[in-house]
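Here is the structure we will look at.
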Amino acid sequence: LEKRYDEVCEFCKKHKTRILYVVYGILITAYLAAVIAACSLNFQRALPLFVITVLAIFFICWDFLIAKYEDRIAAFFSPGDRCLKKQWFWLKWVLCAALSIMIICWLIFDTTKRGSRQLVSFGGLVMYVVLMLIFSKYPTQVAWRPVFSGIGMQFILGILILRTKVGFDVFNWLGIQIQTFLEYPDAGAKFVFGDKYTDHFFAFKVLPIVVFFSTVMSMLYHVGFMQWLVGKVGWIMHVLMGTTPVESLVAAGNIFVGQTESPLLVRPYLPYITKSELHAVMTAGFSTIAGSVLGAYISFGVSSSHLLTASVMSAPASLAASKLFWPETEKPLVTLKSGIKMAKSESKNLLEAASQGASTSITLVANIAVNVISFLALLSFLDSALSWVGNLFDYPQLTFENICAYVFMPFSFMMGVDWEDSFIVGGLLGYKTFFNEFLAYKRLSKLIENREKGGSMYINGVKQYMTVRSEVIATYALCGFANFGSLGLVIGGLTSIAPSKKKEIADGAFRAMIAGTVACFMTACVAGMLTVPSLEDPCHILLGNASSFTDFPVNSTELVECCQQLFTSANRSEEIFPGGSYSLNSWKVCCQILGQPAFRCT
């Protein structure tokens with residue numbers, strides 16, 4: 001038996017590769033058979049599985065072809081590459097002119113159809129680019145390709161997600177899946193804290209989500225999925241924007257992980273990067289949020305689809321803002337030719353990776369908890385002190401939020417926020433900048449809850465909620481770690497990873513925070529230009545918004561459709577003026593648009 005056993009072991013070692021191929025072939029065949037069976041039973045139900053399978057097959061084939069025939073593919077496209085480089089001097093001006101004409105035409109047609117508020121957002125985007133250029137480290141040495149291509153990628157992503165039904169439905173579906181995914185930590189929280197764990201919502205409902213996300217991310221890193229995904233996104237930004245591999249990979253990594261974790265992907269190369277690259281690495285961290293806290297914000301009631309969109313759109317925006325604020329003046333040492341490789345997981349197996357992910361989240365959860373406690377206490381003290389000072393001048397309502405609102409009000413208005421709401425959004429931006437985005441999103445969720453409940457918009461002269469458009473723009477503007485608390489976190493974290501860059505990190509951190517803030521504002525401007533309320537607003541909200549503003553075009557397709565539905569329902573009713581969710585102003589708007597008989601409009 002021992003002899004036979006040794007022979008079997010020797011055979012397995014000798015033919016290990018072939019045996020693995022056979023096992024993989026059987027598993028893949030079984031999986032494909034299961035997919036086909038599911039599709040044949042109910043294709044609509046199995047559509048997500050089918051799409052995931054098709055994408056997996058495509059990328060597996062792509063990686064196989066690139067790995068095996070990379071030199072041949074490069075040689076095949078090299079004539080076109082040489083021709084493009086020869087003609088690039090005049091071709092880039094033609095492309096810029098064509099792009100400018102397209103944007104102008106699009107703005108004209110879009111303004112005609114949807115109103116002039118999109119123009120305010122476009123003006124804000126131009127204003128932020130000009131301000132960044134004026135205060136740039138080297139204004140005369142700005143390379144405009146990363147700037148324009150970064151903004152262009154934002155527009156393309158925004159149009160696909162916010163303006164096309166397919167893109168909106170896909171991200172809306174992803175948001176629903178994430179919301180479902182966020183319910184699974186409840187099982188652990190309920191077991192540890194008891195059935196009434198939701199009584200302490202933040203501590204026992206929100207923070208366990210951070211632990212769960214950290215565990216899942218650690219497992220995905222162990223199997224290599226996150227490295228693969230970050231590599232693909234980073235490669236796209238490197239090719240389209242012309243940024244270096246290090247800053248492209250870090251920017252891509254920040255979509256999924258935090259500002260101190262993403263530099264670990266390229267840890268061996270950090271001592272060799274330039275000052276501009278280091279600035280880009282820090283800016284990417286300030287202008288995005290981590291996947292772990294993304295779940296926490298969604299649990300507050302903030303739109304999951306918009307948070308996902310903001311996370312993706314802010315990655316190219318961070319590189320565009322960084323390269324505008326601190327242009328490259330040195331020759332990068334780390335390139336694709338130097339064979340850049342991302343760090344791998346140190347875990348030995350999947351269970352260890354899960355355990356390490358949960359253990360790593362302890363520091364993050366503790367930091368979030370103590371920061372929220374300390375910042376809320378400090379905010380309460382500041383409001384009390386400012387109210388006392390204001391009372392000396394017969395202005396007892398003076399608070400920290402009011403001061404921030406006045407400071408940030410022009411910036412929020414230039415993003416496209418309605419003037420009536422810009423004061424509130426300015427206060428949210430102040431919370432986010434001087435404290436953290438946790439407090440800002442918590443305050444935003446309260447405003448969203450007030451709007452959904454309805455009721456009086458003003459109580460004692462204070463506005464209780466905003467329009468949906470203002471909420472959406474605020475969601476994008478707040479989606480980043482750019483605050484003074486994160487400033488120390490970034491300096492400490494990066495210094496520990498790259499001690500030789502300590503002086504450069506300290507010198508560039510504040511500029512990176514400003515660039516990260518502006519990157520979030522630029523993303524909000526793009527969202528303001530592209531947001532279409534009708535995609536997610538019921539007719540009564542759309543008509544309510546239209547009655548509040550004078551710049552809604554009377555030929556808006558969405559408004560006409562809503563008014564036709566309103567009058568159709570009225571004709572079927574015995575009541576001359578049906579009640580429900582529609583206000584008198586909504587009927588007046590529809591009377592102006594459709595010109596209905598007088599007995600309906602008097």
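We number each residue from 1, following the sequence as shown.
Looking at every heavy atom in both residues, Ile448 comes nearest to Gly301 through CD1-O, 4.2 Å. Nearest heavy-atom pair, Ala498 versus Leu270, reported as atom, atom and distance to 0.1 Å: CB-CB, 4.0 Å. Considering all non-hydrogen atoms of both residues, Met415 and Ala524 come closest at SD-CB, 3.6 Å. Nearest heavy atoms, Ser287 versus Gly516: CB-O, 3.6 Å. Scanning both residues, Tyr441 and Thr475, for their nearest heavy atoms gives OH-O, 2.8 Å. The minimum heavy-atom distance between Ala251 and Met237, with the atom names listed, is CB-CE, 3.8 Å.
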*List the steps and the verdict of side-chain contact (heavy atoms from CB on, under 4.5 Å) for Leu429 and Cys404.*
CA-CA 7 Å; Leu429 294 175; Cys404 291; over 6 Å; no

*Using the side-chain hydrogen bond (donor to acceptor under 3.5 Å, both in side chains) rule, take Ser486 and Asn483 through it: C-alpha gap first, then chi angles, then the decisive distance, then the call.*
CA-CA 5 Å; Ser486 296; Asn483 57 69; 3.2 Å; yes

*CA sep, side-chain torsions, deciding dist, call: Ile236, Lys232, side-chain contact (heavy atoms from CB on, under 4.5 Å)*: CA-CA 6 Å; Ile236 291 171; Lys232 289 289 180 285; 5.5 Å; no

*Are Lys323 and Ser276 close enough, and set up right, to give a side-chain hydrogen bond (donor to acceptor under 3.5 Å, both in side chains), and what steps lead you there?*
CA-CA 7 Å; Lys323 291 303 172 186; Ser276 179; 2.8 Å; yes

*How far apart are the C-alpha atoms of Asn254 and Phe481, what are their side-chain angles, what is the distance that settles it, and do they pass the side-chain contact (heavy atoms from CB on, under 4.5 Å) test?*
CA-CA 11 Å; Asn254 271 294; Phe481 284 136; over 6 Å; no

*Under the side-chain hydrogen bond (donor to acceptor under 3.5 Å, both in side chains) criterion, do Thr467 and Asp418 qualify, and how do the steps go?*
CA-CA 8 Å; Thr467 63; Asp418 303 321; 2.7 Å; yes

_Phe484 vs Phe435, side-chain contact (heavy atoms from CB on, under 4.5 Å): CA-CA, chis, key distance, verdict_ = CA-CA 7 Å; Phe484 285 98; Phe435 293 104; over 6 Å; no

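Under a 3.5 Å cut-off, the side chain of Glu352 and the backbone N or O of Lys348 do form a donor-acceptor pair. Formation of a donor-acceptor pair under 3.5 Å by the Ser314 side chain with backbone atoms of Ala317 is not found in this model. A distance-only check finds a donor-acceptor pair linking the side chain of Arg163 to the backbone of Leu530 [under 3.5 Å]. In this structure a side-chain-to-backbone donor-acceptor pair under 3.5 Å is missing from Ser218 to Thr215. Listed for the Asp169 side chain is no donor-acceptor partner under 3.5 Å among the backbone atoms of Asn172. In this structure a side-chain-to-backbone donor-acceptor pair under 3.5 Å is missing from Ser355 to Leu351.
Taken from CZ in Phe256 to CZ in Phe213, the straight-line distance is 12.0 Å, to the nearest 0.5 Å. For the atom pair CD (Gln464) and CD1 (Ile424), the distance works out to 8.0 Å, reported to the nearest 0.5 Å. The distance from atom NZ of Lys196 to atom CG of Asp199, rounded to the nearest 0.5 Å, is 6.5 Å. The CG atom of Leu439 lies 11.0 Å from the CG atom of Leu428; values are rounded to the nearest 0.5 Å. Rounding to the nearest 0.5 angstrom, the gap separating the OH atom in Tyr297 from the CG atom in Leu307 is 9.0 Å. The line from CD1 of Ile473 to OG1 of Thr523 is 12.5 Å long, rounded to the nearest 0.5 Å.
For the ring pair (Phe, Tyr, Trp, His ring centres under 6.0 Å) test with Phe413, the passing option among Phe423, Trp419, Phe408, Tyr406 is Trp419; the others fail. For the side-chain hydrogen bond (donor to acceptor under 3.5 Å, both in side chains) with Gln356, the lone residue among Ser347, Ser361, Ser214 that qualifies is Ser347.
Taking the charged nitrogens against the carboxylate oxygens, Glu420 and Lys463 have no contact shorter than 4.0 Å, which rules out a salt bridge.
Side-chain atoms of Pro146 and Leu319, non-hydrogen and from C-beta on, never get closer than 4.5 Å to each other. Looking only at side-chain heavy atoms (C-beta outward), Tyr431 and Glu437 stay at 4.5 Å or farther from each other. Between Arg469 and Val472 the shortest side-chain heavy-atom distance does not fall below 4.5 Å. When side chains are defined from C-beta on, Phe300 does not count as touching Glu449, because their heavy atoms never get closer than 4.5 Å. Contact of the Leu294 side chain with the Ser311 side chain is registered, since non-hydrogen atoms from C-beta on lie closer than 4.5 Å. The closest side-chain heavy-atom distance from Val526 to Tyr476 is not below 4.5 Å. With a 4.5 Å cut-off on side-chain heavy atoms, Met466 and Leu444 count as touching. Looking at Leu447 and Arg451, their side chains never come closer than 4.5 Å, going by heavy atoms from C-beta outward.
Looking at residues two or more places apart in sequence or on another chain, you find a side-chain contact (heavy atoms from CB on, under 4.5 Å) between Ala515 and Met132, His279, Thr283, Phe325. Residues satisfying the side-chain contact (heavy atoms from CB on, under 4.5 Å) test with Thr495, not counting sequence neighbours, are Ile491, Lys502, Ile505. Partners of Ala482 according to the side-chain contact (heavy atoms from CB on, under 4.5 Å) rule, which considers only residues two or more places apart in sequence or in another chain, are Phe286, Lys432, Met513, Thr517. Qualifying side-chain contact (heavy atoms from CB on, under 4.5 Å) partners for Asp186, counting only residues two or more places apart in sequence or in other chains: Glu183, Tyr197, Lys205.
Around atom CH2 of Trp173, more than 12 heavy atoms belonging to other residues, nucleotides or ligands sit under 6.0 Å away. Within a 6.0 Å sphere centred on CZ of Phe411, other residues, nucleotides and ligands contribute 12 heavy atoms or fewer.
Ring geometry for Tyr184 against Phe181 counts as perpendicular: the plane angle is over 60°, on a 0 to 90° scale with 30° as the lower cut. Using bins of under 30°, 30° to 60° and over 60° for the plane-to-plane angle, the ring pair Phe434/Phe400 lands in the perpendicular bin.
Side chain to side chain, Glu247 and Thr244 meet the donor-acceptor criterion of an N or O pair below 3.5 Å.
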Which donor-acceptor pairs under 3.5 Å do the side chains of residues 53-60 make with protein atoms, sequence neighbours left out?
from: Thr53; atom 1: OG1; to: Tyr31; atom 2: OH; distance (Å): 2.8
from: Thr53; atom 1: OG1; to: Leu49; atom 2: O; distance (Å): 2.7

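Within the structure, salt bridge (Lys or Arg N to Asp or Glu O under 4.0 Å) pairs that include any residue of residues 401-416 comprise Glu401-Arg443 (at least two apart or interchain).
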